[in-house]
Amino acid sequence: MQIKEILENYYPEQFEPGLVDEIGDVAQLKHFQPQDILIDMGETVTVMPILLDGAIKIMRDDYGEGELLLYFLEKGDTCAMTMACCLGDKQSNIRAIGETEGRVLMIPVQKMEDWLAKYPSWRKYVFDSYNNRMDEMLEAIDNLAFNDMSGRLKNYLLNVATINKGNAVHKTHLEIANELNSSRVVISRLLKSLEKEGFLVLNRNVITIQ
DNA sequence: TCATTAACACGGG
DNA sequence: CCCGTGTTAATGA
C-alpha cells in the first residue's frame, strides 16, 4: 500500500495501525501544481485534505473582484474550513490554491466523522489542527487590524520566503497586490521604500529578503 | 493624508 | 510586441 507507507514515513507513531489501514483503504493521493484550485468558493466540501508536501494558500474572496490571503498551509496541516463544513454540510467560504507543487491526501468526509468516534489519535490530530488554524486566523486578524500595508507586506514576504525554504520571493508586484487586496502602485512604492531601508533587494520577478 | 486609477516611459525576453 | 516595473498627476475617501 503506497498510502500506508507514506503515512508511516510522514506521521510515524501518530496514528493507530487500524487507522492507518483505513486511511490507506479510502484516501486518494492527489498531486497539485502552483495555481491549482483545490477548493473553490461555494463548493460543497466532500473530502478533507491532509497536506503532505508543498504549500497551499487559503484565500478569502470578496464575491466581486477582491481577494485576500488568509494564511498558508504547510506539511501536516489540514483545513479548518473543511472541518467546519463537514459537521454542517455547508459550502466552502474560502478558496484553496496551490502555492507550490505538492501532494495531498483526500479523505471522504463521512469517514473522517466515523474516525472521530473510533480513533483517539484521529481526534487529537483533528483538534490540534483546528487549534493551529485558529491561531493562524487570529494572527491574520491581528495583522489586518494593527499593521499598516507596509507591515503586512513585510509579513507576507517573510511568510512566502519561509514556505519556499529560502529568502527569495518569485512573484510580481501585481500578484502580491492581489493577495494583499491592494493595488500595484502601492506595492511598488512600498517595495521601493523597503529596498531603500535595506530590508530586501528588488529584481524583475524576484524579491530577495536580506 | 493616503489609496486608487489612469496614463506613460523604459527595458527584457 | 507584451509584460513587469517605476513614476506621476488627478481624483476621492
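These numbers come from a predicted model, not from an experiment. Lettering of chains follows the sequences in order, A, B, ..., and the numbering in each one begins at 1.
Residue H173(A) contributes atom NE2, which lies 5 Å from atom P of dG6(C) at whole-angstrom precision. Across the protein-nucleic acid pair, R184(A) atom CZ and dC3(C) atom P stand 13 Å apart, rounded to whole Å. Computed from coordinates, the L174(A) CG to dC3(C) P distance equals 11 Å when rounded to whole Å. Nucleotide dT8(C) holds its P atom 11 Å from the CZ atom of R189(A), rounded to whole Å. What separates CG of N205(A) from C1' of dG11(B) is a distance of 13 Å, to the nearest Å. The CD1-C1' distance, from I187(A) to dA3(B), rounds to 11 Å in whole Å. As rounded to whole Å, 9 Å separates atom C1' of dT5(C) from atom CG of L202(A). Computed from coordinates, the N178(A) CG to dT5(B) P distance equals 11 Å when rounded to whole Å.
Set against dT5(B), dT5(C), dG6(C), the side chain of T172(A) has dT5(C) as its closest nucleotide.
Side chain R204(A) to base dG13(B): no donor-acceptor pair is found below 3.5 Å.
Using a 4.0 Å cut-off between charged nitrogen and carboxylate oxygen, K57(A) and E179(A) count as a salt-bridge pair. Of the charged side-chain nitrogens involved, at least one lies within less than 4.0 Å of a carboxylate oxygen, so that D21(A) and K4(A) count as a salt-bridged pair.
Here the straight-line distance linking atom CG of D77(A) with atom OG of S129(A) works out to 7.0 Å at 0.5 Å rounding.
Within 6.0 Å of the CD atom in Q28(A), the count of heavy atoms belonging to other residues, nucleotides or ligands does not exceed 12.
Phosphate contact (OP1/OP2 of dT7(C), side-chain N/O of S188(A), threshold under 4.0 Å): absent.
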